[in-house]
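In what follows, a single structure is set out as structure tokens and then discussed.
In what follows, every chain begins at residue 1, and chains take the letters A, B, ... in the order their sequences are listed.
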Number of protein chains: 2
Amino acid sequence: MYTIKEVAKLMDVSEHTLRFWAKSGLFPGVKRDANNIRQFSEHDLGWVKIVKCLRSVGTDNKSIKRYIDLCLIGDSTIPERFGIIKATRIKALQQMEELKKQLELLDYKESYYEELIKNNKSDKYNPANDIKEAVS
Amino acid sequence: MYTIKEVAKLMDVSEHTLRFWAKSGLFPGVKRDANNIRQFSEHDLGWVKIVKCLRSVGTDNKSIKRYIDLCLIGDSTIPERFGIIKATRIKALQQMEELKKQLELLDYKESYYEELIKNNKSDKYNPANDIKEAVS
DNA sequence: TAATTCTTGAGAGTAGCTATCAGTCAAGTA
DNA sequence: TACTTGACTGATAGCTACTCTCAAGAATTA
């Protein structure tokens, strides 16, 4: 059993955010002790993990709640849950591509500045002139 | 020259967001025509591109403004700009790693559901039991 | 001339945190 | 025994970065 503080550390999510997610119904059935303090089980960490995963890909909290609720309903919702996960995976792959592209720009800019510094050159007060093609 | 609508389409950023960024001072020196309508040049698209890049990695608008302002000051700020880009690049790499990890979970979940459906099995109303290791 | 289309800025609304605060409880210390 | 410290609680306020709605004004088309 873990306190909210331990979960926060373990999962790298702030206590505030965990409470916010809990209040939003994203962690069903987390037990409390005699002093009303949340006790996260290993099982509950599973919820935290999937919520964190969906959030990190940009799924809004309402849709996450929907997924959680589908889970609670049971087997009949497996096809819909499957669909959600598939769509989320595709979204994640797209984000990966986008991130790669942005990384290329950062790589380029980094070497551009490096060059500038090494050769003690000016960029003519025009920081965008290191970008060859205009559109992303 | 491009209207804001064209830029929105070209760069895949909403007009609203472009106006918001413009108002925040993230696009210095965008010209207007006789009717006060913004005319983005190729050069201006460079600003949009770098702002979009920094935003996509989670840089807050205040820090982006700082970067833009440094650019406008000129050569004396090249070392600081270099530092910002380097730090941003590292942040992007970390995000890449994080995304990969989340993608693994999604991959696992997808095949889990697939299996479930193929074999007409139950997940015992416990959607978190497809997660082997508890912590992320 | 009238209707449509586009852009503009102002301002309201929203999501998802993030921070503050007072209150409760348990354990440790004087 | 009284006091302090520290962890957790929910309520609530505040913040960022959009996102949407709107009315006004100019240009285009019927």
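Remark: B/L103 CG to B/K100 NZ distance equals 10.0 Å, nearest 0.5 Å. The structure places CD of A/E15 at 6.0 Å from CD1 of A/I4, a figure rounded to the nearest 0.5 Å. Rounding to the nearest 0.5 angstrom, the gap separating the CD1 atom in A/I50 from the CD1 atom in A/I64 is 8.5 Å.
Note: B/Y112 and B/Y108 have parallel aromatic rings, judged against thresholds of 30 and 60 degrees for the angle between ring planes.
What separates NZ of A/K5 from P of C/dC25 is a distance of 20 Å, to the nearest Å. Here the P atom of nucleotide D/dT16 and the CZ atom of B/R55 are 12 Å apart, to the nearest Å. The nearest whole Å value for the distance from the CG atom in B/D60 to the C1' atom in C/dC17 is 14 Å. The interatomic distance linking A/H16 (NE2) with D/dT12 (P) rounds to 17 Å, in whole Å. Atom CE in B/M1 sits roughly 17 Å away from atom C1' in C/dT7 (whole-Å rounding). Residue B/K65 contributes atom NZ, which lies 14 Å from atom P of D/dA17 at whole-angstrom precision. The separation between B/F20 atom CZ and C/dT8 atom P is 17 Å, rounded to whole Å. Computed from coordinates, the A/L18 CG to D/dG10 P distance equals 13 Å when rounded to whole Å.
At the heavy-atom level, A/R19 lies under 4.0 Å from base atoms of the strands shown. Here B/S14 lies out of heavy-atom contact (under 4.0 Å) with every strand. When heavy atoms are screened at a 4.0 angstrom cut-off, B/R38 is found touching the sugar-phosphate backbone but no base atom.
A salt bridge links A/E98 to A/K101: one of the charged nitrogens lies within less than 4.0 Å of a carboxylate oxygen.
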Pairs of donor and acceptor atoms involving the side chains of residues 20-30 of chain A, under 3.5 Å and at least two apart or interchain, shall be tabulated with distances.
unit_1: A/S24; atom_1: OG; unit_2: A/F20; atom_2: O; d: 2.7

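Within residues 21-37 of chain B, the residues approaching DNA chain C are B/R32, B/N36, B/I37, by heavy-atom distance under 4.0 Å.
Map A/E15 and B/N61 each onto its nearest nucleotide of DNA chain D; the residue landing nearer the 5' end is A/E15.
Looking at A/K52, its side chain does come within 3.5 Å of a backbone N or O of A/M11 through a donor-acceptor pair.
The nucleotide whose nearest atom lies closest to any side-chain atom of A/T17 is, among C/dT18, C/dT7, C/dG16, C/dT18.
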